[in-house]
Number of protein chains: 2
Amino acid sequence: MRIAVLGTGIVGQTLGARLAELHHQVVMGTRSPAATLARDEHGRYGTPPFNAWLSQHPRVELASYAEAARFGELVINATSGAGSLNALQSAGASNLADKILIDVANPLEAAPSGPPALFVANTDSLAEQIQRAFPYTKVVKTLNTVTARLMVNPRLVAGGEHTIFVSGNDAEAKKSVCEWLEAWFGWKHILDLGDITTARGVEMYMALWLRLAGALGTGVLNIHVVKGS
Amino acid sequence: MRIAVLGTGIVGQTLGARLAELHHQVVMGTRSPAATLARDEHGRYGTPPFNAWLSQHPRVELASYAEAARFGELVINATSGAGSLNALQSAGASNLADKILIDVANPLEAAPSGPPALFVANTDSLAEQIQRAFPYTKVVKTLNTVTARLMVNPRLVAGGEHTIFVSGNDAEAKKSVCEWLEAWFGWKHILDLGDITTARGVEMYMALWLRLAGALGTGVLNIHVVKGS
């Protein structure tokens, strides 16, 4: 499949590498490919500069947001939450129309103290903002509740016995995404929460996730949903 | 132990009944005992009127918020989130001073559409509001992430293999609460998230919980936290 991964940070890199490994055609999208390639500082989490990563992944290509989105049959939003709407506007509504957009971003911003806070919550969500801005795109929220390594390899934790969520308005699109989550990454427990407004739940869960990571001393964590009979 | 349970709804009833069964001395607190006893309509979830419940639990007593709080060595806030600060003001700072207050309330209010929304979130929480209002009380947030029946009987789901959280500023108070959660209710997996600001995480999780309950068709559910090695 031709897949556009928008965003060249650790999330985009991790998804791009796994999808290329699965022999998909992956184009990563960024605001300015020249600027992204020229950057030589390490990432926030000690990740190497993008150009070093790209040279180790020769089957992945880098392009502008618009070129990547035009290329992709499937588009993944792996940009930072604060930059997502701008990045998607750059990608262009016509390049996103009629396509599935997997949104893995979280609407986090630095807080005056403590862990990051959400810049949209409660009666709206980033996924809904994106869906409203791109009404002809099938937005499916998923994977935002786990760290990048776990997105593509749930077996890293508890043998994969934990839950990932999908939210979206288009039932067929969600069905495809569920199949891909299982086939590409090995997710065993996928829970369809409902329409795109249910993304509020998974985005607000980040407030708990950040505290869980603090208490457990690792971001390689997830939750398994269990219910009574 | 002498325990005050503030709030006579389904949460207060469930906690009060279990604690009385364990031979604690339980006094339930309400705004006006006479009005609570005079009420004859069923509760929102089909629960019987409080007077009918009380007649089935003869070892439980009913009193005003202030009388109950004065009586209790331990106080549990099981009022609705929207009414919690007022109820605790009625209980009186001096009756709550130096005591552990277990806060199980959620700051939910009706939303224009869809499930309830949070009236405080993100950079503050109900538990923090309570702790600021009652600085001499040891507020421990816990149990708010599960439905009443599950609070007192985690084995209802997955053999009890799921997680409950505690948040609070006083380490000794949290230690006591953890011991009680295990001894009284049978909780096996208790995770200390940190200081009272971590209550933001468990309160904001309600946004996900409400959608989980919708998707699963039951509120008898919980999450089990798993992590990588």
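We use all heavy atoms of the structure for the numbers below, so side chains are in, but hydrogens, waters and symmetry mates are not. Letters A, B, ... are given to chains in the order of the sequence lines, protein chains preceding strands, and every chain is numbered from 1. Since this is a predicted model, take the numbers as computed values, not measurements.
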message: When you compare the side chain of B:Val226 with that of A:Leu221, does any pair of heavy atoms fall below 4.5 Å?
response: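 When only atoms from C-beta onward are counted, B:Val226 and A:Leu221 do not touch, as no gap falls below 4.5 Å.
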
A:Leu212 side chain reached by B:Val225 side chain, heavy atoms, under 4.5 Å: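 In short, these two side chains touch, coming nearer than 4.5 Å.
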
query: Knowing that exactly one of B:Asn222, B:Val220, B:Leu216 qualifies, which makes a side-chain contact (heavy atoms from CB on, under 4.5 Å) with A:Lys227?
result: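 Result: among B:Asn222, B:Val220, B:Leu216, B:Leu216 is the only option passing the side-chain contact (heavy atoms from CB on, under 4.5 Å) with A:Lys227.
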
Residue-level contacts of residues 177-195 of chain B with chain A, using a heavy-atom cutoff under 4.5 Å: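 B:Leu191, B:Asp192, B:Leu193 fall under the 4.5 Å cut-off.
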
field: Neighbour count above 12 (heavy atom, 6.0 Å) for B:Arg18 CZ
entry: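 Buried by this count: over 12 neighbours within 6.0 Å.
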
- prompt: At a heavy-atom separation under 4.5 Å, does A:Ala117 approach chain B through its side chain, its backbone, both, or neither?
  reply: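 Looking at A:Ala117, backbone and side chain both touch chain B.
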
- prompt: Is it the side chain or the backbone of A:Thr198 that comes within 4.5 Å of chain B heavy atoms, both, or neither?
  reply: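 Contact with chain B is through both the backbone and side chain of A:Thr198.
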
field: Stepwise side-chain contact (heavy atoms from CB on, under 4.5 Å) test for B:Val120 and A:Asn122
entry: CA-CA 9 Å; B:Val120 55; A:Asn122 217 15; over 6 Å; no

field: Distance-minimising heavy-atom pair for A:Ala207 and B:Met204
entry: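 It is CB-SD, 3.4 Å.
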
field: Exercise: do A:Arg211 and B:Thr197 side chains pair donor with acceptor under 3.5 Å
entry: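 Side-chain D/A pair, A:Arg211 to B:Thr197: present.
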
